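Heads up: the structure comes next, in structure tokens.
Numbers here are sequence positions counted from 1. What you are looking at is a predicted structure, and each value in this text was computed from that prediction instead of being measured.
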Amino acid sequence: LAFGCPGVLAVMGLEAAAPGECELTRLLQDKLQYEMRLQYMKHYFPIDYTVQVQYEEVLRPSNITRLRNGTVSEAALRYLWFHVSSQAVLRIREVLPEKHPSWKYTQELCQLFDALGKEYSKYRQTDVEAVVADLVKLVHSAGAESRRKAVRPKALLDNCLKVMRMLYGTPCEWGLG
């Protein structure tokens with residue numbers, strides 16, 4: 001019955017990534033292997049196909065670096081990554097008919113994000129920095145006034161993986177090979 005990705009506001013508390021977070025992001029990393037992103041998000045789409053997303057729905061490593069330099073906590077950055085990435089998968093999924101070869105793949109990604117959202121909800125809600133709270137609100141507001149950008153589906157998942165590795169690689173002690 002999992003129809004879409006989480007639209008819930010996840011809560012986070014701890015600075016360190018929890019074991020459940022680490023396990024789920026490790027599974028996500030496996031699902032986001034280059035070969036799978038290439039096949040499901042590029043080869044199965046028309047050449048130069050793009051998805052319309054809000055500017056705030058594109059989260060790159062440079063955005064994380066800038067926010068870190070602005071002293072945003074790691075927990076808040078993971079909170080932001082979770083919302084932006086789950087929304088990106090949802091945007092891709094919105095354009096797919098159920099019989100599309102990438103449908104099952106995006107459904108599996110959604111299930112991992114749903115589980116990650118449940119993992120976050122176990123913690124006490126803490127205040128995230130205003131800049132992050134504002135970005136999360138923008139990501140979830142479907143306001144017509146928001147600026148749109150055309151992005152390739154694979155690029156959305158490439159960013160998702162790169163940022164995830166930045167945020168979880170060290171606390172989860174991943175080998176990034």
Side-chain angles (χ1 to χ4, degrees), residues 4-10 12 17 21 24-25 28-96 100 102-103 105-114 116-117 120 128-169 176:
C5 290
V8 297
L9 278 180
M12 296 193 65
E21 276 180 83
L24 288 164
T25 52
L28 262 171
Q29 182 175 236
D30 291 345
K31 276 278 171 223
L32 292 170
Q33 289 174 34
Y34 176 74
E35 293 77 18
M36 294 175 99
R37 293 192 323 270
L38 190 65
Q39 180 178 355
Y40 291 111
M41 295 293 116
K42 185 174 181 178
H43 293 162
Y44 288 166
F45 280 87
I47 293 172
D48 292 334
Y49 185 85
T50 59
V51 179
Q52 291 294 316
V53 298
Q54 297 176 75
Y55 273 85
E56 296 78 18
E57 290 174 317
V58 178
L59 186 65
R60 293 186 179 93
S62 59
N63 302 121
I64 295 300
T65 302
R66 187 173 32 79
L67 289 166
R68 270 182 177 157
N69 293 342
T71 65
V72 172
S73 70
E74 290 299 301
L77 291 173
R78 289 193 295 265
Y79 178 84
L80 177 62
W81 170 85
F82 166 76
H83 284 282
V84 170
S85 297
S86 58
Q87 193 69 15
V89 173
L90 190 56
R91 289 278 180 237
I92 294 167
R93 212 171 146 76
E94 286 172 351
V95 301
L96 297 176
H100 191 280
S102 299
W103 175 265
Y105 176 71
T106 57
Q107 184 177 12
E108 291 165 357
L109 290 174
C110 281
Q111 288 166 347
L112 287 170
F113 278 111
D114 284 339
L116 200 52
Y120 290 154
V128 296
E129 288 84 344
V131 63
V132 169
D134 291 346
L135 284 170
V136 169
K137 278 183 206 144
L138 281 170
V139 164
H140 290 291
S141 71
E145 76 285 347
S146 68
R147 300 172 306 154
R148 294 277 176 186
K149 179 177 186 162
V151 183
R152 290 189 174 96
K154 183 179 169 296
L156 287 171
L157 293 189
D158 290 349
N159 287 330
C160 170
L161 179 64
K162 287 175 192 165
V163 171
M164 183 176 71
R165 285 180 171 163
M166 279 179 79
L167 296 174
Y168 292 93
L176 295 181

Legend entry - Rounded distance (nearest 0.5 Å) linking atom NZ of Lys31 with atom CZ of Phe113: 13.0 Å

Inset, instruction - Report the residue from Val51, Val139, Val151 that forms a side-chain contact (heavy atoms from CB on, under 4.5 Å) with Glu57. - result: Val139

Legend entry - Contacts of type side-chain contact (heavy atoms from CB on, under 4.5 Å), residue Gln39, not counting sequence neighbours: Tyr44

Inset, instruction - Please identify each residue that fulfils side-chain contact (heavy atoms from CB on, under 4.5 Å) with Arg68, with sequence neighbours left out. - result: Ile64, Glu74, Leu77, Met166, Leu167

Inset, instruction - Tell me, please, which residues at least two apart from Lys162 pass side-chain contact (heavy atoms from CB on, under 4.5 Å). - result: Pro61

Inset, instruction - Kindly indicate whether the side chain of Thr106, heavy atoms from C-beta on, has any atom under 4.5 Å from the side chain of Met41. - result: yes

Inset, instruction - Evaluate the ring planes of Tyr168 and Trp81, with Trp represented by its six-membered ring, and classify them as parallel (under 30°), tilted (30 to 60°) or perpendicular (over 60°). - result: perpendicular

Legend entry - Separation between CE of Met36 and OG of Ser102, rounded to the nearest 0.5 Å: 10.5 Å

Inset, instruction - Nearest 0.5 Å please: distance from the CG atom of Leu109 over to the CG atom of Leu116. - result: 12.0 Å

Inset, instruction - Evaluate the side-chain proximity of Lys154 to Tyr34: yes if any heavy-atom separation is below 4.5 Å, no if none is. - result: yes

Inset, instruction - For the residue pair Asp48 and Arg152, establish whether any side-chain heavy-atom pair is separated by less than 4.5 Å. - result: yes

Legend entry - Between CG on residue Leu156 and CG on residue Leu161, distance to nearest 0.5 Å: 13.0 Å

Legend entry - Straight-line distance of Leu80 CG to Asp134 CG, nearest 0.5 Å: 11.0 Å

Legend entry - Ile92 versus Pro153, closest heavy-atom pair with distance: CD1-O, 3.8 Å

Legend entry - Interatomic spacing from CG in Leu96 to CZ in Arg91 - rounded to 0.5 Å: 13.5 Å

Inset, instruction - Report yes or no: does Arg37 contribute a side-chain atom to a donor-acceptor pair with the main-chain N or O of Leu32 at less than 3.5 Å? - result: yes

